[in-house]
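A note on names: the letters A, B, ... follow the listed sequences, proteins ahead of strands, and every chain is numbered from 1. All values below come from the heavy atoms of this structure, side chains included, with hydrogens, waters and symmetry mates left out.
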Number of protein chains: 2
Amino acid sequence: MPKQKNTKQKIIDAAIELIAKQGYRGASVRKIAAAVGIRESAIYNHFRNKEEILKQIISEIFVTPFEFKDLEEKAKKGKSFLHQFVVAYKLISFDKKKEKLFRVLMIELFQNKGLRESFLQEFHQKDIQQLSKALFIMMQEGLIRSGDPMFMAQEFLAPLFYIRLQVSLLRIDSKSTAPIATQFEKHADFFWESVAL
Amino acid sequence: MPKQKNTKQKIIDAAIELIAKQGYRGASVRKIAAAVGIRESAIYNHFRNKEEILKQIISEIFVTPFEFKDLEEKAKKGKSFLHQFVVAYKLISFDKKKEKLFRVLMIELFQNKGLRESFLQEFHQKDIQQLSKALFIMMQEGLIRSGDPMFMAQEFLAPLFYIRLQVSLLRIDSKSTAPIATQFEKHADFFWESVAL
DNA sequence: CCTACCGATCGGTAGG
DNA sequence: CCTACCGATCGGTAGG
């Protein structure tokens, strides 16, 4: 039961769609309005200007993807925690809405200072923080070799990010993601073999 | 002794600079011309249209960065080969011209189909091919544990790519890259510990 | 939410 | 390489 979308949300969704394809500059107010089915001037009843639309979208990008309840307990299970993490990451990579937001992120990252700062902070201090916490617990439990948990977390996350990037690129051109999709789990296995005691 | 640049090269350089900051759409023919010091119409004496400039730049992005002579011999040295690779990668990450081209790549990757295809092919079939060849030799020599060399090559390269991305983002805003810069070598060490027999 | 309109800027061409 | 110009499109406003 999708609830009735109000115009403001329609504008946001149309803008995400267009920016994900043509970037912020390419997503003109006119195109956004046309996609919604209104005149361009009507946009300004909902947003002060074009940039306000982008700001709203950016704030949607960084709604935390991962929130593990009972992190400490799950972390003690070692490998299965990493698998759970990877499966969650994979789901997000293939989620339609999240994928569009990921494209917006990648396109505007080099052109928008606020987005860059959010990326460097949020992306790190949310996913990596949780992951490093879990890795630290695994070290304490003697499940994995010791080391800097933050660094290890990045080692674990970076390949996932790279796979996600490839998935996103392949899907734009409607190419098969089957070969690459299995790499998520393969990475978790490889990483576990690398650090397990 | 930088040789005298001709106008065509000046146009390319100005375009790279502008596209790296504002994207292809934001880099108008007028701005490019102004940066060179000519009128916009004069651009068309050197390029049929704006897109031709971008095509030229894209072709510059994929000039192979790594060509290891005596790959087989070097690969037999195991860890020191990986370190050499990482140092080369790091140098490229901090090279001014290469960094600008990297930004152009990242900005346009989601908006330019030709660029996407080059990225998925060249980026893979050059760096990864060589790396996997080296890893295969290391396996034969009994230096590292066995596995799919292509997959392992990607596992090695992906974190380097992610670090490079972060370096690039930090440098746009003139932030310190000191903490992140050491991660290149740390990654090589971590990877070696992960696979070494 | 609409019609009507604004100045600025876009890629590109004509003609020299 | 220039001046001069083109139609198209841009973000945004006035007024209803």
For this session: State whether a side-chain donor-acceptor pair under 3.5 Å links A:His187 with B:Glu155.
Result: yes
Exercise. Hey, what do you get for CD (B:Gln183) to CG (A:Asp148), rounding to the nearest 0.5 Å?
Worked result: 8.5 Å
Exercise. Does one side chain, of B:Asp189 or B:His83, offer a donor that lies under 3.5 Å from an acceptor on the other?
Worked result: yes
Exercise. Base, sugar-phosphate, or nothing: which does B:Ser41 touch, judged by heavy atoms less than 4.0 Å apart?
Worked result: base
Exercise. Can you check whether A:Phe102 reaches A:Ile107 side chain to side chain, under 4.5 Å on heavy atoms?
Worked result: no
For this session: Walk along DNA chain D from 5' to 3' and tell me the first and last nucleotide with an atom closer than 4.0 Å to a non-hydrogen atom of chain B.
Result: D:dC1 to D:dT3
Exercise. Taking the nucleotide of DNA chain D with the closest heavy atom to each, which residue, B:Glu40 or B:Thr7, is nearer the 5' end?
Worked result: B:Thr7
Problem set entry | Sub-4.0 Å heavy-atom contacts from residues 45-52 of chain A onto DNA chain D, ordered by number | A:Asn49, A:Lys50
Problem set entry | Ring-face cation of A:Lys8 near A:Phe47 (centre distance under 6.0 Å, axis angle within 45°) | yes
For this session: Please indicate whether A:Gln129 has more than 12 foreign heavy atoms, meaning atoms of other residues, nucleotides or ligands, lying under 6.0 Å from its CD.
Result: yes
Atom pairs and distances, side-chain donor-acceptor, residues 168-178 of chain A, under 3.5 Å, sequence neighbours left out:
residue	atom	partner	partner atom	Å
A:Arg171	NE	A:Glu99	OE1	2.9
A:Arg171	NE	A:Glu99	OE2	3.3
A:Arg171	NH2	A:Phe94	O	3.4
A:Arg171	NH2	A:Glu99	OE1	3.1
A:Asp173	OD1	B:Arg116	NE	3.3
A:Asp173	OD1	B:Arg116	NH2	2.8
A:Asp173	OD2	B:Arg116	NE	2.8
A:Ser176	OG	A:Ala178	N	3.2

Problem set entry | NZ (B:Lys133) with more than 12 external heavy atoms under 6.0 Å | no
Exercise. Looking at the rings of A:Tyr162 and B:Tyr162, which for Trp means the six-membered one, are their centres under 6.0 Å apart?
Worked result: no
Exercise. Counting only non-hydrogen atoms, which of residues 13-28 of chain B are less than 4.0 Å from DNA chain D?
Worked result: none
Exercise. Which string of ( ) [ ] | and . matches DNA chain C, if you list each base 5' to 3' and count Watson-Crick or G-U pairs only when both distances are under 3.5 Å?
Worked result: ||||||||||||||||
Only distances under 3.5 Å count here; give the side-chain donor-acceptor pairs of residues 14-41 of chain A to other protein atoms, sequence neighbours excluded, each with its distance to 0.1 Å.
residue	atom	partner	partner atom	Å
A:Glu17	OE1	A:Lys100	NZ	2.7
A:Glu17	OE2	A:Lys21	NZ	3.4
A:Gln22	OE1	A:Lys31	NZ	2.9
A:Gln22	OE1	B:Arg25	NH2	3.4
A:Tyr24	OH	A:Glu51	N	3.2
A:Arg25	NH1	B:Gln22	O	3.1
A:Arg25	NH2	B:Gln22	OE1	3.4
A:Ser28	OG	A:Lys31	N	3.2
A:Lys31	NZ	A:Gly26	O	2.8

Problem set entry | Heavy-atom closest pair, residues B:Leu120 and A:Gln166 | CD2-CG, 4.3 Å
Exercise. Relative to each other, are the rings of B:Phe81 and B:Phe85 parallel, tilted or perpendicular (30° and 60° limits)?
Worked result: tilted
Problem set entry | Parallel, tilted or perpendicular: rings of B:Tyr89 and B:Phe184 (30°, 60°) | tilted
